[in-house]
Visitor: 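Here's a structure for you.
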2 protein chains.
Amino acid sequence: MTGDNRAPVTVIGLGSMGKALAEAFIDAGHPTTVWNRTAHKAAPLVAKGAVHAETIEEAVAASPLIIACLTTYDDTRQALAPAAAALAGRALVTLNSGSPADARAMGAWATGHGARFLDGAIKNVPAAVGAPDTLLYYGGDRTVFDEYETTLKVLGGDTVHLGDETDLAALYEMAVGGTLLPALVGFFEGAAVLQARGLEVSTMVPFTAKWLEMINSVLPTFAQEIDSGNYADPMSSVNIFLAGTAHDEQLGEEANVDVTWRTPLNDLLKRAVEAGHGDHSISSLIEVLKKPEHVA
Amino acid sequence: MTGDNRAPVTVIGLGSMGKALAEAFIDAGHPTTVWNRTAHKAAPLVAKGAVHAETIEEAVAASPLIIACLTTYDDTRQALAPAAAALAGRALVTLNSGSPADARAMGAWATGHGARFLDGAIKNVPAAVGAPDTLLYYGGDRTVFDEYETTLKVLGGDTVHLGDETDLAALYEMAVGGTLLPALVGFFEGAAVLQARGLEVSTMVPFTAKWLEMINSVLPTFAQEIDSGNYADPMSSVNIFLAGTAHDEQLGEEANVDVTWRTPLNDLLKRAVEAGHGDHSISSLIEVLKKPEHVA
């Protein structure tokens with residue numbers, strides 16, 4: 001493969017994700033320049049054909065498209081600061097985690113220096129970078145997305161522009177990502193239940209996989225109930241879930257496992273019942289999660 | 001289809017799941033007898049070809065295989081009690097939720113009356129009954145499973161015998177099912193974040209679907225870490241998750257949403273760090289979920 005008609009790309013930040021991004025660009029034949037605060041991380045990429053920029057100024061000057069994959073937006077601004085003047089007219093794409101407010105601040109800084117700005121998120125692990133099914137979504141300057149869509153799809157075939165607001169990727173990232181820790185703790189608790197019986201946790205994985213697929217299959221219905229505000233025709237009611245919480249203590253006893261992390265979840269169910277949602281869909285829990293508009 | 005060479009089946013309990021089970025047997029050509037405490041629920045099944053047993057004694061006498069799908073094991077025993085003498089030599093399969101201890105008690109009662117007992121769980125919604133991919137798992141008398149495996153597969157193509165212990169399905173059900181409420185609350189919280197911005201929650205569903213698929217893809221690794229007790233080569237460390245909890249407050253502010261249900265999850269992360277697991281895999285959280293063996 002040659003990079004003759006592929007856009008030159010600079011990748012800034014060579015942690016496990018940044019390294020995977022740079023590799024994907026190299027493999028797809030893009031002239032790829034890399035930069036990292038600690039330079040040794042560039043070596044394996046140089047061996048594959050990347051150019052190592054000694055300074056951030058060189059890194060920015062090398063390409064019309066700069067992908068920054070540092071830990072935070074603050075790190076990104078600090079790294080780019082010496083080259084800020086060179087950002088004018090270039091496309092800057094950030095791919096790190098952070099809050100919507102942080103993404104807005106990053107966007108203001110970048111456009112303030114004349115950059116065309118896009119903020120994105122990768123909904124997957126580094127090993128999935130480049131796969132046709134891997135999802136990346138972006139918010140910000142639509143012209144950057146349109147101009148570089150083919151290049152961005154090198155990182156994952158399911159590449160989406162959410163809208164012109166610079167914080168949309170961070171917003172969706174926050175909204176979508178929040179299921180991870182609670183779902184994992186539920187899995188680890190289940191793992192403890194099996195371990196207490198001397199069973200291998202691996203035996204549970206195919207069943208959990210089916211269970212998460214089942215959860216996936218019902219989310220469109222819950223989303224529709226929430227969007228319409230109609231919780232009255234439930235697939236599973238709050239009361240059914242509340243009845244299920246009686247198992248929690250048995251679960252704790254069966255496996256000698258600490259189930260107290262579930263207490264606030266069960267309290268949410270009780271508050272929903274108190275608010276009149278007992279026979280409503282479990283999706284009505286959103287109504288007790290929302291705080292009143294104005295609290296003193 | 002005729003039922004000439006299909007095993008006669010009795011289905012006891014015609015809630016939404018029991019009705020789906022009976023329909024699957026009728027559709028597959030099994031002579032199907034149905035019974036419900038409130039008889040009117042049998043009518044639509046009789047219209048499809050089922051026989052309605054007026055009494056529980058008739059229901060049990062009608063088939064060598066009896067599938068009970070009542071709400072609890074207690075309900076099941078109460079319903080079957082008048083026909084207990086007729087259970088001898090028959091195969092009784094329970095498909096309801098309950099704790100492992102309750103499943104053991106149910107098994108002791110059933111075998112005490114001479115029944116051959118199998119306890120199972122359906123890892124899906126009623127609409128999925130009968131699909132080739134639908135998972136049902138069973139624990140208990142292996143000879144019942146072997147004799148009726150083809151019949152049981154009418155309810156779902158992915159039908160598994162976990163082992164001879166009567167409480168294994170309830171145990172796995174508890175272990176696997178525990179991810180549901182926490183994962184859903186995470187989703188509803190994310191939905192509130194989007195709603196606060198005037199975005200449709202439906203726009204988030206395809207992204208959440210990919211995210212749950214990503215979670216599925218990493219569970220085998222976590223299971224392996226737990227089974228081996230080796231948390232030292234982490235894909236995602238406890239410290240990385242703990243750093244991520246800083247976003248919680250921003251999330252609460254961004255959307256005016258109550259994020260306090262996350263407090264005990266974050267406390268688990270902190271306790272794991274205190275126990276020396278900071279740089280270990282997030283799967284090491286299981287070690288802080290497990291309570292000490294002997295507590296006064």
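All chains are named by letter (A, B, ...) in the order of the sequence lines, taking the proteins before the strands, and each is independently numbered beginning at 1.
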Visitor: Who among A:Thr260, A:Asp267, A:Asp102, A:Asp133 has the most heavy-atom pairs with chain B under 4.5 Å?
Guide: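 If we count pairs closer than 4.5 Å to chain B, A:Asp133 comes out on top.
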Visitor: Side chain, backbone, both or neither: which part of A:Phe207 has a heavy atom under 4.5 Å from chain B?
Guide: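 For A:Phe207, the contact with chain B is made by backbone and side chain together.
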Visitor: At a heavy-atom separation under 4.5 Å, does A:Leu184 approach chain B through its side chain, its backbone, both, or neither?
Guide: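 Side chain of A:Leu184 only, per the 4.5 Å heavy-atom cut-off to chain B.
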Visitor: Please identify, among B:Gly177, B:Ala128, B:Gly252, the residue contributing the most non-hydrogen atom pairs under 4.5 Å to chain A.
Guide: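 Maximum pair count with chain A is reached by B:Gly177.
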Visitor: Which one wins on heavy-atom pair count under 4.5 Å against chain B: A:Thr263, A:Leu181, A:Asn124?
Guide: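 Option with the greatest count: A:Leu181.
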Visitor: Within the 4.5 Å heavy-atom criterion, are A:Thr94 and A:Leu70 side-chain neighbours or not?
Guide: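 Side chain of A:Thr94 against side chain of A:Leu70, heavy atoms only: no contact under 4.5 Å found.
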Visitor: Would you call B:Asp258 and A:Lys290 a salt bridge, using N to O less than 4.0 angstrom?
Guide: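 Here B:Asp258 does not pair with A:Lys290 in a salt bridge, since their nearest N and O are not under 4.0 Å apart.
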Visitor: Which heavy atom of A:Ala255 sits nearest a heavy atom of A:Ala192, and at what distance?
Guide: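 In this case the closest contact between A:Ala255 and A:Ala192 is CB-O, 4.0 Å.
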Visitor: By a 4.5 Å heavy-atom criterion (distance strictly below it), what part of A:Val259 contacts chain B: side chain, backbone, both, or neither?
Guide: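 Neither part.
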Visitor: Side-chain contact test, heavy atoms from C-beta onward, threshold under 4.5 Å: evaluate it for A:Val160 versus A:Leu136 and give yes or no.
Guide: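 SC-SC contact between A:Val160 and A:Leu136 ruled out.
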Visitor: Using 30° and 60° as the class limits, which term best fits the ring planes of A:Phe188 and B:Phe222: parallel, tilted or perpendicular?
Guide: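 Rings of A:Phe188 and B:Phe222: perpendicular, as their planes differ by over 60°.
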Visitor: Between B:Gln195 and chain A, which part of the residue has a heavy atom less than 4.5 Å away: side chain, backbone, both or neither?
Guide: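 When you check distances to chain A, only side chain atoms of B:Gln195 fall under 4.5 Å.
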Visitor: Quick one: which of B:Gly98, B:Pro126, B:Gly163 has the most heavy-atom pairs under 4.5 Å with chain A, could you say?
Guide: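 Option with the greatest count: B:Gly98.
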Visitor: Select one option (side chain, backbone, both, neither) describing which atoms of B:Ile282 are under 4.5 Å from chain A's heavy atoms.
Guide: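 Both parts, heavy atoms under 4.5 Å.
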Visitor: Looking at B:Pro206, B:Ala175, B:Gly186, B:Ala127, which has the largest count of heavy-atom pairs under 4.5 Å with chain A?
Guide: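 Of B:Pro206, B:Ala175, B:Gly186, B:Ala127, B:Ala175 has the most heavy-atom pairs under 4.5 Å with chain A.
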Visitor: Relative to chain B, which of A:Leu168, A:Leu199, A:Val125, A:Val218 shows the most heavy atom pairs under 4.5 Å?
Guide: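 Of the candidates given, the most pairs with chain B belong to A:Leu199.
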Visitor: Looking at A:Met174, A:Gln224, A:Glu189, which one has more heavy-atom pairs under 4.5 Å with chain B than the rest?
Guide: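 Option with the top pair count is A:Met174.
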Visitor: Rounded to the nearest 0.5 Å, how far does CG of B:Leu180 lie from OG of A:Ser236?
Guide: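 It comes to 7.5 Å.
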Visitor: When the ring planes of B:Tyr231 and B:His277 are compared, do they come out parallel, tilted or perpendicular, using 30° and 60° as the limits?
Guide: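 Because their plane-to-plane angle is over 60°, the rings of B:Tyr231 and B:His277 count as perpendicular.
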Visitor: Can you name the closest pair of heavy atoms from A:Ala223 and B:Val201 and give their distance?
Guide: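 Scanning both residues, the minimum pair turns out to be CB-CG1, 3.8 Å.
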Visitor: A:Glu165 versus chain B, heavy atoms under 4.5 Å apart: side chain, backbone, both or neither?
Guide: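 Looking at A:Glu165, just its side chain touches chain B.
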Visitor: Specify which of B:Leu171, B:Val176, B:Thr208, B:Ile226 makes the most heavy-atom pairs with chain A at under 4.5 Å.
Guide: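 Most pairs with chain A among the choices: B:Val176.
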Visitor: Which of the residues A:Arg262, A:Glu213, A:Met235, A:Glu253 is involved in the greatest number of heavy-atom pairs with chain B at under 4.5 angstrom?
Guide: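 The candidate making the most pairs under 4.5 Å is A:Arg262.
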Visitor: Go through B:Asp119 and B:Tyr73 one step at a time and tell me if the side-chain hydrogen bond (donor to acceptor under 3.5 Å, both in side chains) criterion holds.
Guide: CA-CA 10 Å; B:Asp119 177 64; B:Tyr73 294 107; 2.9 Å; yes
Visitor: Decide, yes or no, whether a salt bridge links B:Asp167 with A:Arg197 under the criterion of side-chain N to carboxylate O below 4.0 Å.
Guide: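 A salt bridge links B:Asp167 with A:Arg197.
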Visitor: Please classify the contact of B:Val205 with chain A as side chain, backbone, both or neither, using a heavy-atom distance under 4.5 Å.
Guide: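 When you check distances to chain A, only side chain atoms of B:Val205 fall under 4.5 Å.
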Visitor: Is A:Thr203 close to chain B through its backbone or its side chain, or both, or neither, when contacts mean heavy atoms under 4.5 Å?
Guide: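 Its backbone and side chain both get close to chain B.
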Visitor: Tell me which of these, A:Thr134, A:Asp227, A:Leu135, has more heavy-atom pairs under 4.5 Å with chain B than the rest.
Guide: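 With the most close heavy-atom pairs to chain B, the winner is A:Asp227.
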Visitor: Which atoms of B:Leu268 are under 4.5 Å from chain A, going by heavy atoms: the side chain, the backbone, both sets, or neither?
Guide: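 Answer is side chain: those atoms of B:Leu268 sit under 4.5 Å from chain A.
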Visitor: Determine whether B:Asn266 and B:Thr245 satisfy the following criterion, side-chain hydrogen bond (donor to acceptor under 3.5 Å, both in side chains), listing intermediate values before the conclusion.
Guide: CA-CA 7 Å; B:Asn266 300 347; B:Thr245 63; 4.6 Å; no
Visitor: Is it the case that more than 12 heavy atoms not belonging to A:Lys19 sit under 6.0 Å from its NZ atom?
Guide: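 For A:Lys19, atom NZ is not crowded (no more than 12 foreign heavy atoms under 6.0 Å).
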Visitor: Hey, which of B:Ala183, B:Ala196, B:Ala209 has the most heavy atom pairs under 4.5 Å with chain A?
Guide: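 Max contact count across the listed options: B:Ala209.
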